[in-house]
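Below is one structure, written out as structure tokens; the observations come after it.
Both ligands and their constituent atoms are indexed starting at 1 by order of listing. It should be emphasised that the depicted structure is a prediction, and the values quoted were computed from it without experimental measurement.
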Amino acid sequence: MARYIFVTGGVVSSLGKGLASASLASLLQHHGYKVRIRKLDPYLNVDPGTMSPYQHGEVYVTDDGAETDLDLGHYERFTGVISKKSDNITSGQVYQKIINKERKGEYLGATVQVIPHVTNEIKKFISNDLDDEEFIICEIGGTIGDIESLPFVEAIRQFHNDNGHNNSLFMHVTLVPFIASSGELKTKPTQHSVKELRSLGIQPNILLCRSDREIPQEERKKIGLFCNVQDGNVIQAINANSIYEVPINFKNEGLDKRVLEYFNLDTGKEIDLKMWSQVSKHVLDPEGKVTIGIVGKYTGLADAYKSLNEALSHGGIFNNVRVELKWIESESLNESNVFEHLSNCDGILVPGGFGERGAEGKIAAIKFARENNTPYFGICFGMQLAVIEMARNILDIKDANSSEFSNCSNSIVGLMTEWSTSDNNKEKRTEESDLGGTMRLGSYEARLKKNSKIHSIYKNDIINERHRHRYEVNNKFSEEFEKKGVIFSGYSPDGVLPETVELKEHPWFIGVQYHPELKSKPFEPHPLFKSFIEAAKNKTQ
Ligand code: GLN
């Protein structure tokens, strides 16, 4: 039987509802339950695909080709459950669907309204496309009190009513701040947030109180009293040293037991979280250190490269080293200052990216890595730019560039206009196609050449990785490149799209057209990140 846990947030944003949901899901898995986690996002964009990373952080791409909220990355990394398109909904999607139906006359003359039409669509989403999951955790984006989230809050209130009160639980994540001048923890913001939630018809069953220090029992009792929550269900969530400690901390605070108790399930089982304690230990107390220079455009916001940060740290966990990231703004980089910025890096990485701004700085970094035997990892845009750099400086095609840029005269990287999907259909695009949702998205197979470096890393002929790109490397120079030791070592199954490139005479120089960071997990680091960090570690030794 499916049980639903709705996670809302109060007081301020960025309290880590996503991590809290993922951590709770992991605990429930340890108790032997099958879980799914879903995200309900109140904004009006259809998906975050067209939003600036500064607005929304990274766009997380699922196997089935959806561009989704970065929290789905946390869910997948913490639970190992592969996220799907059907795990993320936005107001934009809901309204798009309703307006399309309305135009087709499907409402048979009815006035189309937030209640019941919008709320019905949201309720359908919550229980849509499930198998035999025992727990479905639904995180509601935004903060209680926002205008945007009202239909979502109303929908979960109705869902609770429709579905039987014992089958769903409301968990509210709030903040209990410490006010230095009075030397006190303050419960009032939590009280107000719960008051707001209750005015919308929702009585939280569990309060997860974020705090930078221990919340004394007295204060927890007070919160429980004012918020109408059993005091045992007022749970503190003190800032953790590493995100991997969060499941352990939750268990120590009894969150799993409180949830199971609510649903009248067995609370007797003692679970063993060795998996998380081992990962935390490696992160907090490693033996060595490597420095990776990341040359990107959104270096001011770590969330813009969330999965990448995580995947690099997974590579560090595997190699027992701390991975220090040196963020380098690509616009400030050029051939004359590249040494100063990058010479102390043990590895250089150019991540996915879009647009001309900063591209020349990235190319300068790639040239530096290639010529100085510094391990180089190019992801998507980082592969395309590596090919451009090598076309210019190895093949001597001086005007080599990407047709993504305005001044392109020789497109070594060009717009993809047609490609085969896994079910052997053709996807077609033109310059005029919409921007949203029209890239080559999701999981595609690639074939790796035997005796290549990448084959020895994956130890596999066939791989499946997630893509998000509109441009492709032009294959017509592959033979010329090969003569110079630049090998396209992986291709799409039809042999048309270069998927990986590597340099023969270099300790570690690999570019991939896909995003391997999206599939890395702390307890199952991605082979490319394991190998890249190992190469960086070898460089320091
Ligand atoms: N801008 C490039 C493209 O669209 C690369 C995209 C990416 O790095 N995700 O093909």
Notebook entry, point to check: Partners of S489 by side-chain hydrogen bond (donor to acceptor under 3.5 Å, both in side chains), sequence neighbours excluded?
Noted result: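 side-chain hydrogen bond (donor to acceptor under 3.5 Å, both in side chains) list for S489, sorted by chain: T500, E502.
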Note to self: Which residues pass the side-chain hydrogen bond (donor to acceptor under 3.5 Å, both in side chains) test with E76, not counting sequence neighbours?
What the structure shows: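 Counting only residues at least two positions away or on another chain, E76 forms a side-chain hydrogen bond (donor to acceptor under 3.5 Å, both in side chains) with Y60, S83, R466.
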For ligand 1, output the ligand-protein N/O contacts shorter than 3.5 angstrom; if there are none, return none.
{"from": "ligand 1", "atom 1": "1 (N)", "to": "G353", "atom 2": "O", "distance (Å)": "2.9"}
{"from": "ligand 1", "atom 1": "1 (N)", "to": "E404", "atom 2": "OE1", "distance (Å)": "2.7"}
{"from": "ligand 1", "atom 1": "1 (N)", "to": "E404", "atom 2": "OE2", "distance (Å)": "3.0"}
{"from": "ligand 1", "atom 1": "4 (O)", "to": "R470", "atom 2": "N", "distance (Å)": "2.9"}
{"from": "ligand 1", "atom 1": "8 (O)", "to": "G353", "atom 2": "N", "distance (Å)": "2.9"}
{"from": "ligand 1", "atom 1": "8 (O)", "to": "G353", "atom 2": "O", "distance (Å)": "3.4"}
{"from": "ligand 1", "atom 1": "8 (O)", "to": "F381", "atom 2": "N", "distance (Å)": "3.0"}
{"from": "ligand 1", "atom 1": "9 (N)", "to": "R468", "atom 2": "O", "distance (Å)": "2.8"}
{"from": "ligand 1", "atom 1": "9 (N)", "to": "H515", "atom 2": "NE2", "distance (Å)": "3.1"}
{"from": "ligand 1", "atom 1": "10 (O)", "to": "Q384", "atom 2": "NE2", "distance (Å)": "3.1"}
{"from": "ligand 1", "atom 1": "10 (O)", "to": "R470", "atom 2": "N", "distance (Å)": "3.0"}
{"from": "ligand 1", "atom 1": "10 (O)", "to": "Y471", "atom 2": "N", "distance (Å)": "2.8"}

Check: Taking only residues two or more places apart in sequence or in another chain, which ones pass ring-ring contact (aromatic ring centres under 6.0 Å, His included) with F368?
Finding: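 Here no residue qualifies.
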Margin query: Taking the side chain as everything from C-beta on, heavy atoms only, tell me whether Y43 gets closer than 4.5 Å to M51.
Written below: yes
Margin query: For the residue pair Q278 / Y244, report whether a side-chain donor-acceptor contact shorter than 3.5 Å exists.
Written below: no
Note to self: Regarding K367 and E335, does a basic nitrogen lie under 4.0 Å from an acidic carboxylate oxygen?
What the structure shows: yes
